[in-house]
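Please read all numbers here as calculations on a predicted model, not as lab measurements. Protein chains get the first letters and strands the later ones, always in sequence-line order, with residue 1 at the start of each.
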There are 2 protein chains.
Amino acid sequence: MRAMIVEAVSPLFYARGFTAVGMDELRAVTGVSLKRLYRLFPSKEDIIEEVLHSWRDTWEANLRAQVESTQVPRERLLAVFDFLAGWFTSEGFRGCAFINSFGELGGISGRIPAIVRAQKKEFQEYLACVATGIGAPETLAPQLAILAEGALTTAAIAGSAESAHQARAAAEVLIDAALAPAASTLAASRAP
Amino acid sequence: MRAMIVEAVSPLFYARGFTAVGMDELRAVTGVSLKRLYRLFPSKEDIIEEVLHSWRDTWEANLRAQVESTQVPRERLLAVFDFLAGWFTSEGFRGCAFINSFGELGGISGRIPAIVRAQKKEFQEYLACVATGIGAPETLAPQLAILAEGALTTAAIAGSAESAHQARAAAEVLIDAALAPAASTLAASRAP
DNA sequence: AAGGACAGAGAACGGTCGTTCTCTCGGTGG
DNA sequence: CCACCGAGAGAACGACCGTTCTCTGTCCTT
């Protein structure tokens, strides 16, 4: 029941933000009376938390599915950006729900920003896991995470998906540089 | 007068968001009566617009100052990330005001998201200007812009400034790869 | 078949928001 | 000196929010 409610209200929250959607609209879209909503969730903030957790789960599942669709180590890292490209072009894309939530509620409240932080941390750790699995130095994963985050906000604000391809191209350069120790010695030989 | 009001309310808006700060608080912090506020600005949204424009101006001025503090071409591009590092560690840093505004008001209204979009576009164009000034291919600037955006949101949410250094390191790799055609032929020779 | 616990629907409540109105006062031209 | 215009301060207004309460009907139990 709770899951059905979360599923029904998620698109509304994603499209317009948490504060812009009132409880009455939640009642209308779920078909569940206010009384019942308040018995299932102590307050609106609890619904928001559950929605954020649901977003985290589906996002992570989709990402993992794309990454694990290939076994070629280098492709696994690049699959992150292919996943982003597909997402950006999907209908109704309006940026990362977590970043948007942080902008909306980051200045107040305490629980929502913590959830956002946790999600981003999980993403970074997953990326680090994939990167170390192919023998890359541990400096690579944070750089790729930054690229992904940048592509995400750029796509959301500009309303264009090309940032995913640009980020993918940059990721290829970073991965190749990290995996080819010859390149670093080359760069070092130029310095002095 | 308008400028003094904008200057007085900006920190409040940045720290807590636009919707979380009411007109009464603006009256208190400026010392200007509501009647006068409403004669100077037709509505709260007009104040917000002016605040956004003011942020854009000072942000751009600070960025340009840092970039133009050096004449070494490669350093000019890296100066962008040094600027970010300094900003992230400044007191009260709470992410990019434009990204936060987009998250807060992107799902509604029309004028604020347009201002955010315009600011990001200006930044990208400035970066492109600096990049082409040193003979880099035009693919480089968007990649650096994505890195900068990513470092920004990562720093805001994680509450740590290290993403600036990670992004700077990645930018070095991207710049060197873009400026050294030998590196690209090396990568190409490995592909087939 | 009757009584009671419970659920549905929405009105009501207290609070807050952006915006406007009213009242009062001070400064000024004749 | 006085009438008047305009500005300051904040109360008032209407709308809307999240939350609760009331009223009504229904189903289950004995």
Undergrad: Find the distance A:Phe41:CZ to D:dT20:C1' and express it as a whole number of Å.
TA: 18 Å

Undergrad: To the nearest Å, how far apart are A:Asp24 CG and D:dG18 P?
TA: 9 Å

Undergrad: In whole Å, I'd like the distance from the CG atom of A:Leu26 to the C1' atom of C:dA9.
TA: 16 Å

Undergrad: Separation of A:Met23 atom CE from D:dC17 atom P, in whole Å?
TA: 12 Å

Undergrad: Between D:dG18 atom P and A:Arg27 atom CZ, what is the distance in whole Å?
TA: 13 Å

Undergrad: Is there a donor-acceptor pair closer than 3.5 Å between any side-chain N or O of B:Thr154 and the backbone N or O of B:Ala151?
TA: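 No: the side chain of B:Thr154 does not pair with the backbone of B:Ala151.
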
Undergrad: Tell me if a side-chain donor or acceptor on A:Glu138 pairs with a main-chain N or O of A:Thr132 at a distance below 3.5 Å.
TA: no

Undergrad: Ignoring backbone atoms, establish whether B:Arg36 has a side-chain N or O less than 4.0 Å from OP1 or OP2 of D:dA7.
TA: no

Undergrad: When the distance from NZ of B:Lys35 to P of C:dT20 is rounded to whole Å, what number comes out?
TA: 12 Å

Undergrad: Nearest whole angstrom, please: distance from the P of C:dT19 to the CG of B:Asp46.
TA: 9 Å

Undergrad: Is it true that B:Phe98 and B:Trp59 have ring centroids separated by less than 6.0 Å?
TA: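 Aromatic pair excluded; centres sit 6.0 Å or further apart.
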
Undergrad: Just call it for B:Val32: base, sugar-phosphate, or nothing, with non-hydrogen atoms closer than 4.0 Å on any strand.
TA: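 No contact.
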
Undergrad: Compare the minimum distances between each of D:dA7, C:dT20, C:dG10 and the side chain of B:Leu34, then state the nucleotide with the smallest one.
TA: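 So the side chain of B:Leu34 is nearest to C:dT20.
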
Undergrad: Looking for any heavy atom pair under 4.0 Å, which part of the strands does A:Ser43 touch: base, sugar-phosphate only, or nothing?
TA: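 A:Ser43: backbone/sugar contact only, no base atoms under 4.0 Å.
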
Undergrad: Round to a whole Å and report the spacing from CE of B:Met1 to C1' of D:dG8.
TA: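 After rounding, the gap between these two atoms is 13 Å.
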
Undergrad: Examine distances only and state if a side-chain atom of B:Arg56 and a backbone atom of B:Gln119 form a donor-acceptor pair shorter than 3.5 Å.
TA: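 No; judged by distance alone, with no hydrogens or angles, the pair does not exist.
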
